[in-house]
Amino acid sequence: MAVSEISRCSYHVFLSFRGEDTRKSFTGHLYTALVHLGIQTFRDDEEIERGNNIKDEIEKAILHHSKISIVVFSKNYAASTWCLNELVMILEHKKSSKHIVLPVFYDVDPSQVKNQTGSYAEAFTQHEQNLESATNMVQRWRNALKEVADIGGMVLQDRHESQFIQDIVKEVQNKLHLISLYVPPYLVGIDPLVTQINQWLEQDGANKVGIATICGIGGIGKTTIAKVVYNQNIPRFESFSFLAHVRETSQDYNGLVRLQRQLISDLLKEKSHKIYNIDNGINKIKEIVYCRRVLLVLDDVDELEKIRKLMGTQIPFHPGSKIIITSRNRCLLNAHFISQMFDLEASTSCGGLSKLFEVKELTSNESLQLFNWYAFGHNSVPESSMAYARSLVKHCGGLPLALQVLGSSLSSKSVSSWKSALEKLEEIPDSKIQEILRISYDSLEDDHDKNLFLDIVCLFIGKDREYTTTILDGCDYYTTIGIENLVGRSLLIINEQNKLMMHQMIRDMGREIIRQESSDIGRRSRLWHKNAFDVIREKIGSRTVKCLTIDLKGLLEDKAKRTNTTLHFPKHSKSQFLMANDVDMETQAFAKMKRLKLLQLDYVRLKGDFKEFPKRLRWLRWHGFCMQSCPVDFDINELVVLDMRNSKLKQVWKDTECLPNLKILNLNHSHSLLKTPSFSGIPSLEKLMLKDCINLVEVDQSIGELKMLTFLNLKDCTSLRKLPRTIGSLISLAELILSGCSRLDDVPRELHNMKSLKVLNLDETSICQTRLGLHWLLPKRSKELGFSWASLPCSLVKLNLESCKLSDDVMPNDLYNLASLKSLNLSRNPIRYLPESIKKLTKLDELLLTSCTELQKIPKLPVLPNVFEFLTVSPFKGYWAILPCFFSSTRCVIFGCEKLTEVEDLFKLEPIENFEAEEIRRLFNVDSIKRNRLQLYSYLTDSIMLATPQVLQECGITSTFVIGSEVPIVFKHRTNEHRISFSLPTPSHPDEKIHRFSLCIVFSLASDQILEFLPSVHIFNKTKRIMQRYRSSFMGIPEANDNTMLWLIHWPVTDCEFEGGDLVSCMVVPIHLSIRKFGVTYESQHNVRNKYGFSHLSTGDEVATRNMMMDLTKDLLSLESYGNVKVQLCSYIEESKVVASPQVLYDYGIITTFDPFPFDYIGHYHGHQAGKTEVSISVPPNSSRKISCFLNSIIIFSAKNNKTYRFLPCLEIVNETKGTKWTYSKHFMGIPETKNTLYWTTCWNFRGDELEAGDHISLRVLSNLSVLEFGIDLVYDYELDDNPNFFSQLPWMSKCFKYLFGAFVLISSKSQKNLYRLQSLVKC
């Protein structure tokens, strides 16, 4: 890899190793595993061509922009001086940054590295002989080895290499906090196909919708390849979703709706929305994909109808969206379906969008390599096992899943076991892959794990791991260790949601094992679906049956599907279904099943008594239970989980039932339930679910006896009016959900006793609508009521009071007792004010006030220290300087707060009537203002108000919008353009300074997109090179495009910023506006001369500046709307173009952006040249406190033609005094449309003595683009002065930083606004 390639990449991990030891073995496999998970990794290979400055290049381009360094210590590591020097460099970088070092001790012990013994001692003996004159260097190497050995890394020891690599990858993921789908760390033979799919994704990626199928037989690796592609490409899309197991999930009850919920949740990056039916979900999905570029993967699709039901037809995908489908059906997609699926008018360029990728079987060598990884943990085979390994691999037919399972089952087995396994395989035809997978089952060490596997196969695939463990622990399993054993044998997978997943081939293999137990289905240990139905109907069950599962609704729906009969069932009501299907089933059918422990009888109606019913049940799931109470003779005393959702129960049991082992009771959607059961006999209950029990009116007093209860869900129990006071005795309860209990008007004061309560949801309740409910929210203690807001438990972390009709009368003055609160939701309440004490909630990081339509004022919110430090050094003027304090420190959402007129420290809005005429004249230089009502749009609340003119005060600037068409004559400088320049007159007194500017802007609408991006106003002092920018958070809206409006601005300035003789330029950036006229005037006054008077160009706090750049890295590496303006970005890796909004890129300490908007740069940049490709300056003298400097450049260029792939544009900086050179090339380059211009701005960070006073530097741009103008600007960074007001005295900050910071705030705010609008649509 050449140096230019290094400097054009961005890495998560820097991989340092001794090439001769591990390049083609361990390190190579580790590198591959990291890359397959989307972790950008650089290999420091000693075969890299090394130039004269390679050390500097690696230090700047790799260490300064990699988050983790993995150092692989092998036997000969210390023999390489290059490795030792690199280690020193890594550790030095660690001391000065947050860089993470992860030592990996491959085939050496940490003590050998620390003490330099063994091969390390030999290496250092040789170094000391060769470097007699450089003893200091040798000692530095020794110290570095001691230091890194003490860090505590990862040691191979006696682990398999494969497991070791997997552990390292997991550790890296944890440290990077990456969210990616799990793929095995060792993959073979997939790279060519992954590359093809990536190329397809990147081809015309910005303006062409595409759909592709990855097809192949089961177990061939389709899903794994899709996951790898997904992991590697999600950063290139605005939203993304991976829907796994579409075929299987869609067959479940309400499965398609669950898939729709997941899809919407993934694309919006938030919790699931309410989806009531398939049609509702389709409409919401269409709304989402219309406005964002998405990557969507649909895994395991067996028929097109599933996609139609999931997403509908005529889907208006946003240009550039890609859909990937995995399927066994090679011919799944066809032209007719594609024309139905896509809205060809709304989606750009849909022609030829279908693509097919077929996964082939692995070759013999690839199969052997994959098998070896699972069998031995590395890619080598002992001679004693080679013959057996080749024969075993041959039987697998190149199927990755069979190789994985078979290799895992034979791991650590003796040669005789291998021989036996091979002999067994030779009796099975190659086509019977099911039987091959059984070998893994046979390899399980005992019947415990085998029985656990078979139970999971029948009942618990897709179930939560914790839920399954609770049930199976009650069945006398050692579930935790058992699941670990199954995962180790590749028989089970724990997915990202902690659910138990299993490949369908393995599931079918397990079910085949059960079928082979007996030809008599009644004598099998586990029964499901049709077999279970037949056994019950024919009464042929036996003592061998341990598990039985039947979903009668699903069975009859399948039957109806086969006979083309359509059944319609109302939600949560199955009575019509049961009445329409007279199925004769009796309790006597279970009489012989004495050992039955796991039973599912969804929508089954039984006749007869329960005297002979199995009495050893541990798990009973009976959705749609049709009786009004459990029969008296129904013995369920050993139950651990009772799940009776959608039941007809009015009371669960008539008398107190003794269920000492019951841990989970789920009665959700039991619409007839009137009262909860007595809880006296179920002391072990941990979770109680009563969601949507719409007729529930009473919770039994005995609930207070449930000392182990951690979760209570009473959501949407619309008839429930009160809770028992004994609820305060639930000492273990962590989450209480009362959302939607619309008649609940009382919450007992004993609530404060629940010291473990973390989450309390009271949204959409009536607690604030009656005097009875108010008693616990009253701000003051009452003798009659004896309770207050202060009685809420201090342990609360999340409190939801949305839509509770909460008013100012019940808002407390002091919230001191909620010090632990992190999330507070007060949305959709008629509150007008928030208490000042909210600032005492120092842990609060989320405050939701959406659609609080009466809210008028918000006090100052808690500010996180790191954000505060950043903002105190910000010299920005206006809206952009303070918005991050409001939105970033505490995530406060105020969209829809139509009457909000003040946010402390942000803005204040007052009617013009509140001001005297003289004050209006002083502020805006006008004699009078028309009081006509006008529309005023608030960008913060995303709302429009109709009122008389309002005076807006924010960030020291006062402004207003009024009806008018002329600039008053008192404005000294006027123009019909959007820019005006003038020189300030020489003052009559030496201490006379300009103290304010007044601006009058006459404008009309040029676009209906004004609500998306607000215009800004700039004042430049070209003489002093000071820039101030103001972007109002409000905007007046003329009635029609031809109507005009005045924007009057009163803009104070500080001393020394503007003086006589200064050349000043004022400009409006007229985004979506048409500037008709523009006037500026100013006033001066006598002042005492400022004692500071800094003459430097710019300064800033070093730490804060770096923090800001890191925020840009995190928040701006995605395509976001920049009004309706787009630029072309060209990728030089894949030779493709992307049409996107202006992008902010950050790499190697360099910030870059491409922008189509003009801005004032003349006089702001040193060495400004027109038509030149090279600029030179000398570094001026500076304070001794300088610790670094920033070099900003601006290049204005146009395209000669549309050929963009033949040139590699780069910037070259040369310090001619020191003889050093830096070259910067990018993966992406902005490309202007022919004859148009584009602005390329960069910001370089130089450290230490790289640039010093007197150095002569030159910057040259190399490109086939036509360079119109070119300029550079030098900015210094200082250590913090003892004077706390040091930074506040500095006149301005680098334009590049201001520009990029403004982009960051805009994108953050806009993304929240879009979310609010979408949520508003959902609630309509």
Side-chain angles (χ1 to χ4, degrees), residues 1 6 11 13-31 34 41-50 54-59 62-63 66 68-96 99-159 161 164-165 167-168 171-172 378:
M1 182 180 291
I6 296 174
Y11 302 99
V13 172
F14 180 79
L15 195 54
S16 177
F17 62 99
R18 174 70 159 136
E20 293 179 4
D21 288 357
T22 63
R23 179 190 301 117
K24 296 181 179 180
S25 55
F26 174 77
T27 302
H29 300 308
L30 174 59
Y31 173 82
L34 292 167
T41 306
F42 172 74
R43 280 188 290 194
D44 176 21
D45 197 313
E46 288 189 287
E47 291 183 348
I48 295 176
E49 180 182 350
R50 306 195 185 282
I54 186 65
K55 178 180 178 182
D56 293 339
E57 290 293 333
I58 286 183
E59 183 175 9
I62 305 301
L63 296 182
S66 60
I68 297 178
S69 285
I70 298 178
V71 185
V72 180
F73 290 102
S74 53
K75 289 183 178 179
N76 297 315
Y77 181 90
S80 170
T81 58
W82 175 265
C83 289
L84 294 172
N85 282 329
E86 196 169 71
L87 177 62
V88 171
M89 190 188 308
I90 290 170
L91 293 176
E92 288 178 350
H93 183 61
K94 174 179 178 293
K95 294 176 182 177
S96 61
H99 191 74
I100 300 170
V101 178
L102 179 61
V104 173
F105 302 94
Y106 172 59
D107 55 2
V108 294
D109 189 86
S111 62
Q112 185 179 349
V113 175
K114 179 177 181 178
N115 301 319
Q116 293 102 57
T117 59
S119 60
Y120 281 62
E122 296 173 2
F124 271 90
T125 299
Q126 190 65 40
H127 292 327
E128 289 170 348
Q129 293 176 358
N130 297 337
L131 301 170
E132 294 181 1
S133 60
T135 55
N136 290 339
M137 177 60 71
V138 175
Q139 187 58 44
R140 288 181 68 190
W141 294 341
R142 289 186 181 276
N143 294 340
L145 290 173
K146 291 179 181 178
E147 180 181 347
V148 77
D150 287 334
I151 290 177
M154 307 191 71
V155 187
L156 175 61
Q157 293 179 337
D158 56 353
R159 275 184 288 185
E161 282 187 16
F164 190 41
I165 289 174
D167 293 342
I168 295 171
E171 183 69 15
V172 171
H378 50 76

> Would you call K75-E122 a salt bridge at under 4.0 Å N-O?
Replying inline: no
Mind checking whether [X] and [Y] have side chains closer than 4.5 Å, heavy atoms only?
X    : Y    : value
L145 : L84  : yes
L87  : L91  : yes
V72  : Y77  : no
L156 : F105 : no

>> Could you measure the distance from the CD1 atom of I70 to the OG1 atom of T27? Nearest 0.5 Å is fine.
In response: 9.5 Å
> So how far is it from W141 CH2 to E128 CD, rounded to the nearest 0.5 Å?
Replying inline: 10.0 Å
> In terms of ring plane angle, is the pair F73 and Y120 parallel, tilted or perpendicular, where the classes change at 30° and 60°?
Replying inline: tilted
> Do T81 and H127 have side-chain N/O donor and acceptor atoms under 3.5 Å apart?
Replying inline: no
> Does a side chain donor of either E20 or S74 reach within less than 3.5 Å of an acceptor in the other side chain?
Replying inline: no
> With sequence neighbours excluded, what pairs up with Y106 under the side-chain hydrogen bond (donor to acceptor under 3.5 Å, both in side chains) test?
Replying inline: E161
> Listed by chain and number, what are the side chain to side chain contact (heavy atoms under 4.5 Å, CB included) partners of N115, not counting sequence neighbours?
Replying inline: S111, T117
> Minimum heavy-atom separation for L30 to I168, with atom names?
Replying inline: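 Closest pair (atom of L30, atom of I168, distance): CD1-CG2, 3.8 Å.
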